[in-house]
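Only one structure is covered here, and it is reproduced in the block below.
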Amino acid sequence: MLAAYVEEFHPDEPLRGLVVGDRPEPEPQPGWQVLPVVAAGLNHHDLWSLRGVGLTREQLPMILGCDAVAEHPELGEVVVHPVITGTPGWEGDPTLDPRRSLLSERHQGTLAEWVLVPEGGWVSRPEHLDAVEAAALSTSWLTAYRMLFTQAQVRPGQTVLVQGAGGGVATALIQLGAAAGLTVWVTSRSEDKRSRALELGAADSFETGERLPARVDAVLESVGAATWTHSINALRPGGTVVICGATSGDAPEKAELTKIFFKQLRVQGSTMGTREELGALCRFVSREGLRPAVDQVYTLADTGQALERMQQGDAVGQLGIQVRSGASRG
Ligand SMILES: NC(=O)c1ccc[n+]([C@@H]2O[C@H](COP(=O)([O-])OP(=O)(O)OC[C@H]3O[C@@H](n4cnc5c(N)ncnc54)[C@H](OP(=O)(O)O)[C@@H]3O)[C@@H](O)[C@H]2O)c1
């Protein structure tokens, strides 16, 4: 089958280690199901994998991709939940299993014609979305949902700051936050992305690092070192910063420990979400008629071009991969 996979690691030039070529179809296994992939999508995670973050050489070749809409023989198109538990008999929140992984970490990923998924590791996809839009729910939107509603625990009427405007997680935070009645402020290095953010539902947008007109109740961080001090300064006393990533690096110039204790801030990490959260996300998206912002759609054969666009950092929203033509209901 055709697949996009990591053949070798290149920390500085990640695309050099990408191959789009033939890989064996997954073998059926007890407790798992082989499903045909209809659409997939890219996440920054795929670039980290090509750089060698979270994988070892012994695991290569590894098919990339966490997001998928796949065709289930009885249920029709489903959104795949890419969090896989690793501890035998683990019960409860799978994101807290110390041995959990995402598809494309220990098990082959979704950027392929077929994917092996644990039995039940999916939810029905929202009817009003096409398959590429729905695939964005697997990772970026699930992560954003948990950050806002499980971790930050913000309420309608409160104000949140999203650092970065164009990324998959950032656009999901803007769209979900606005739909939930939050005042969403965003920062971006690019004027174009700042105006796109306003179209997506942000109430106001600022240059990266710009002083804000007021303190916010929560900051949603995925940028890391480049915005950390600004995030801490932006919070009201008792506010919460939820961090899910560190695209610009994980060693900020200042940890801001004094401000954190003096202002009694809460620093909360967040990773992906549960299948129940994915189900609740799909119901919310359906009820509100939300459509994940899609930047561009590529074929599986053109995954390299899509990854190049992600690396350049120009995209606003999801970089979608149409794997096969499904029963698109969009
Ligand atoms: N923990 C989890 O479960 C989880 C899940 C998903 C993603 N993540 C992580 O979250 C991060 C974002 O993921 P993504 O897929 O949304 O990535 P992405 O689509 O590549 O987004 C990158 C974003 O980062 C901002 N950015 C990058 N470098 C920056 C810099 N030097 N200064 C300021 N802003 C910068 C960009 O903002 P502007 O260009 O608008 O300034 C853009 O919005 C990644 O590190 C990823 O690994 C974690």
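Predicted model, so just to flag it, every value in this text is computed and none were measured. Indexing begins at 1, ligand by ligand and atom by atom, following the structure's order.
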**Prompt:** Purely on distance, is any nitrogen or oxygen of S270 under 3.5 Å from one on ligand 1?
**Reply:** yes

**Item:** N/O separation below 3.5 Å, K193 to ligand 1
**Value:** yes

**Message:** If you measure every N or O of V169 against every N or O of ligand 1, does any of those distances drop under 3.5 Å?
**Reply:** yes

**Message:** Using the rule that Ile, Leu, Val, Met, Phe, Trp and Tyr join whenever any side-chain heavy atoms are under 4.5 Å apart, tell me whether M62 and Y5 fall into a single cluster.
**Reply:** yes

**Any N/O pair W48/ligand 1 closer than 3.5 Å** = yes

**Prompt:** Does any N/O atom on G245 come nearer than 3.5 Å to any N/O atom on ligand 1?
**Reply:** no

**Message:** So for atom CD, which belongs to E199, do other residues, nucleotides or ligands contribute more than 12 heavy atoms lying within a distance under 6.0 Å?
**Reply:** yes

**Fill in**
Near G168 (heavy-atom distance under 4.0 Å), the atoms of ligand 1 are 16 (O), 19 (O)

**Fill in**
If you scan protein heavy atoms around atom 5 (C) of ligand 1, the nearest is T143 OG1, 3.2 Å

**Request:** For atom 40 (O) of ligand 1, grab the closest protein heavy atom and report residue, atom and distance to one decimal in Å.
**Result:** S188 OG, 2.7 Å

Atom pairs and distances, side-chain donor-acceptor, residues 210-218, under 3.5 Å, sequence neighbours left out:
| residue | atom | partner | partner atom | Å |
| --- | --- | --- | --- | --- |
| E210 | OE1 | E207 | N | 2.8 |
| R215 | NE | N233 | O | 3.3 |
| D217 | OD1 | R236 | NE | 2.7 |
| D217 | OD1 | R236 | NH2 | 3.4 |
| D217 | OD2 | T159 | N | 2.9 |

**Prompt:** For E119, does the CD atom sit with more than 12 other heavy atoms under 6.0 Å from it, leaving out its own atoms?
**Reply:** yes

**Asked** Quick one: nearest non-hydrogen protein atom to atom 22 (C) of ligand 1, plus distance?
**Response** G167 CA, 4.2 Å

**Prompt:** Which residue holds the protein heavy atom closest to atom 34 (N) of ligand 1, what is that atom called, and what is the gap in Å?
**Reply:** V223 CG1, 3.3 Å

**Prompt:** So S140 and N43, side chain to side chain donor-acceptor pair (under 3.5 Å) or not? Walk me through it.
**Reply:** CA-CA 7 Å; S140 303; N43 291 285; 3.1 Å; yes

**Prompt:** Would E133 and H128 satisfy side chain to side chain donor-acceptor pair (under 3.5 Å), going step by step from the backbone distance to the final call?
**Reply:** CA-CA 10 Å; E133 290 168 330; H128 70 292; over 6 Å; no

**Message:** Please list the nearest protein heavy atom to atom 11 (C) of ligand 1 with its residue and the distance rounded to 0.1 Å.
**Reply:** T247 OG1, 3.2 Å

**Asked** Hey, which atoms in ligand 1 end up nearer than 4.0 Å to a heavy atom of G166?
**Response** 40 (O), 43 (O)

**Proximity to ligand 1 by part of A226, non-hydrogen separation under 4.0 Å** = side chain

**Request:** Compute the shortest N/O to N/O distance between S190 and ligand 1 and return yes if it is under 3.5 Å, no if not.
**Result:** no

**Side-chain donor-acceptor pair present, D192, S190, cut-off under 3.5 Å** = no

**Message:** Could you tell me, atom by atom, which parts of ligand 1 come under 4.0 Å of a heavy atom of A246?
**Reply:** 45 (O)

**Message:** Could you check whether any side-chain heavy atom of V20 comes within less than 4.5 Å of a side-chain heavy atom of L111, counting everything from C-beta outward?
**Reply:** no

**From R125 atom CZ to L278 atom CG, the distance as rounded to the nearest 0.5 Å** = 13.5 Å

**Item:** Whether over 12 other heavy atoms sit under 6.0 Å from D250 CG
**Value:** no

**Request:** Say whether R189, considering both its backbone and side-chain N or O atoms, lies within less than 3.5 Å of an N or O atom on ligand 1.
**Result:** yes

**Heteroatom proximity flag, H44 to ligand 1, N/O under 3.5 Å** = yes

**Message:** Using side-chain heavy atoms (C-beta onward) and a distance below 4.5 Å, is M310 in contact with D46?
**Reply:** no

**Asked** Is there at least one pair of N or O atoms, one from G164 and one from ligand 1, spaced under 3.5 Å apart?
**Response** no

**Prompt:** So do the side chains of S231 and I243 get within less than 4.5 Å of each other, counting heavy atoms only?
**Reply:** no

**Message:** If the contact criterion is a heavy-atom separation under 4.0 Å, does S140 count as touching ligand 1?
**Reply:** no

**Complete:** Residue, atom and distance of the protein heavy atom nearest atom 3 (O) of ligand 1 read M272 N, 2.7 Å

**Message:** So V219 and Q163, do their side chains get closer than 4.5 Å, heavy atoms only?
**Reply:** yes

**Request:** Look only at interatomic distance and state if A165 has a nitrogen or oxygen under 3.5 Å from any nitrogen or oxygen of ligand 1.
**Result:** yes

**Asked** Can you tell me the protein heavy atom closest to atom 1 (N) of ligand 1 and the distance?
**Response** C244 O, 2.8 Å

